[in-house]
Amino acid sequence: MNNVPQHVSIIMDGNGRWAKARGKERIYGHFEGVESVRACTEAAVEDGVKYLSLYAFSEENWNRPKEEVSTLMELMMESIRKELSTMMDNGVRFVVLGNRARLSDKLNAAIDGMMEQTASNDRMTLIVFLSYSGKWDIMQAMKKAAATLSPEEFQNMEAADFERYLVTAGIPDPDLLIRTSGEERISNYLLWQSAYTEFVFSPVLWPDFRKDEFRAALREYSSRDRRYGKVK
């Protein structure tokens, strides 16, 4: 590939359908999906991607059955514990973005600990969007801006000024967004940040999405001609 994207983002979809097709509970698909996270993270590091972001849990997902939500949060805790040494060995910085006020104190403490320990790693940044939605992000940014700026400054605010209040401030917009499982929508994810993002929709369910599928999406991106509204 002669054009590796700087920032790849993934909507990890299809865990429940993958499990159902095997006659198992939905949560079984989430456990298997962790292996896909590991595989795609390894591939991203190996291929020179600088930012890999994953849509792990949306604000809307809080409406799922309590047992599933509880298991997902426990899975997040376990993954943080297991993956720390691997991230340190591979120079991966770990970041969690979203409405963390809705997370438990225990999970927030684990997240803070891992973010602090990996803060100086600079080979790649792995961003997990947890309890996140694009509309929530824009609304919280607008409220911060209104509380911080004078009325005149608020009226004169431009896009670059507004972006400083988004939770992704300081992180480049995704060059490539991948959604698995054959669904072709972005589901309230990075609505502001994906204005000029290239999209790849894969029919593969997330638990089956591994290094080969990840690299196929990167090759597809490499063939695109990005014009950003201009004429070349």
Side-chain angles (χ1 to χ4, degrees), residues 8-22 24-42 44 51-88 92-119 121 124-137 139-140 166-168 171 177-181 183 186-191 205-210:
V8 178
S9 195
I10 306 177
I11 299 175
M12 306 177 293
D13 194 19
N15 291 340
R17 278 169 282 169
W18 186 91
K20 185 178 180 180
R22 288 157 178 78
K24 297 182 179 293
E25 297 293 326
R26 286 174 50 85
I27 199 63
Y28 182 78
H30 296 304
F31 281 102
E32 189 65 26
V34 172
E35 297 303 318
S36 294
V37 171
R38 184 177 293 113
C40 290
T41 302
E42 289 176 356
Y51 296 85
L52 175 65
S53 58
L54 307 172
Y55 198 16
F57 193 86
S58 72
E59 282 270 276
E60 293 77 14
N61 288 157
W62 287 109
N63 296 318
R64 290 186 176 186
K66 289 184 178 181
E67 183 179 353
E68 181 176 352
V69 171
S70 177
T71 304
L72 283 170
M73 295 303 155
E74 290 174 7
L75 181 59
M76 175 64 71
M77 285 282 296
E78 184 68 10
S79 297
I80 288 173
R81 184 185 66 80
K82 285 185 175 180
E83 300 302 326
L84 177 58
S85 61
T86 302
M87 290 188 182
M88 296 302 296
V92 176
R93 180 168 69 109
F94 179 73
V95 175
V96 171
L97 299 177
N99 185 6
R100 290 183 54 189
R102 300 191 68 173
L103 305 180
S104 70
D105 292 342
K106 187 177 181 180
L107 179 54
N108 272 320
I111 290 169
D112 287 338
M114 192 162 179
M115 288 175 61
E116 183 178 346
Q117 290 182 72
T118 63
N121 294 344
M124 190 186 79
T125 298
L126 174 64
I127 305 158
V128 175
F129 285 92
L130 190 59
S131 187
Y132 175 88
S133 81
K135 290 182 178 180
W136 166 84
D137 193 8
M139 288 297 297
Q140 67 84 31
L166 296 168
V167 296
T168 52
I171 296 170
L177 191 149
I178 304 165
R179 180 166 187 152
T180 63
S181 86
E183 302 291 347
I186 59 174
S187 297
N188 199 7
Y189 179 55
L190 297 179
L191 299 179
L205 300 175
W206 177 245
D208 290 327
F209 195 91
R210 302 296 169 92

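Starting from 1, each residue takes its place in the sequence as its number.
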Pairing residues for R81 by the side-chain hydrogen bond (donor to acceptor under 3.5 Å, both in side chains) criterion, not counting sequence neighbours: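 Here the qualifying residues are E78.
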
Minimum-distance pair of heavy atoms, taken over all atoms of [X] and [Y]:
{"X": "S131", "Y": "L103", "result": "CB-CD2, 4.3 Å"}
{"X": "N121", "Y": "V92", "result": "ND2-O, 2.9 Å"}
{"X": "W18", "Y": "R22", "result": "O-NH1, 2.9 Å"}

Check: S181/W206 side-chain N/O donor and acceptor closer than 3.5 Å: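 No, W206 and S181 have no side-chain donor paired with an acceptor closer than 3.5 Å.
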
T86 and R38: side chain donor to acceptor below 3.5 Å: no

Side chain T180, main chain L205, donor-acceptor under 3.5 Å: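 Answer holds: no.
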
Sidechain-backbone polar pair: S58 side chain, S133 backbone, donor-acceptor under 3.5 Å: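 Judged by distance alone, no pair lies under 3.5 Å.
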
A side-chain contact here means heavy atoms from C-beta on lying under 4.5 Å apart; do [X] and [Y] qualify?
{"X": "E116", "Y": "D112", "answer": "no"}
{"X": "I80", "Y": "L107", "answer": "yes"}
{"X": "S36", "Y": "R210", "answer": "yes"}
{"X": "I171", "Y": "T125", "answer": "no"}
{"X": "R100", "Y": "I111", "answer": "yes"}
{"X": "Q140", "Y": "V167", "answer": "yes"}
{"X": "M124", "Y": "T41", "answer": "yes"}
{"X": "E32", "Y": "N15", "answer": "no"}

Derivation of the side-chain contact (heavy atoms from CB on, under 4.5 Å) call for L72 and M76: CA-CA 6 Å; L72 283 170; M76 175 64 71; over 6 Å; no

Derivation and outcome, side-chain contact (heavy atoms from CB on, under 4.5 Å), residues T118 and E83: CA-CA 11 Å; T118 63; E83 300 302 326; over 6 Å; no

Candidate pair K135 and E59, rule salt bridge (charged side-chain N to carboxylate O under 4.0 Å, His left out), full reasoning: CA-CA 10 Å; K135 290 182 178 180; E59 282 270 276; over 6 Å; no

Partners meeting ring-ring contact (aromatic ring centres under 6.0 Å, His included) with Y189 (sequence neighbours left out):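 Only Y55, F129 meet the ring-ring contact (aromatic ring centres under 6.0 Å, His included) criterion with Y189.
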
Verdict with reasoning, T168 to L190, per side-chain contact (heavy atoms from CB on, under 4.5 Å): CA-CA 9 Å; T168 52; L190 297 179; 4.3 Å; yes

CA sep, side-chain torsions, deciding dist, call: F94, V128, side-chain contact (heavy atoms from CB on, under 4.5 Å): CA-CA 8 Å; F94 179 73; V128 175; 3.7 Å; yes

Parallel, tilted or perpendicular: rings of W62 and F57 (30°, 60°): perpendicular

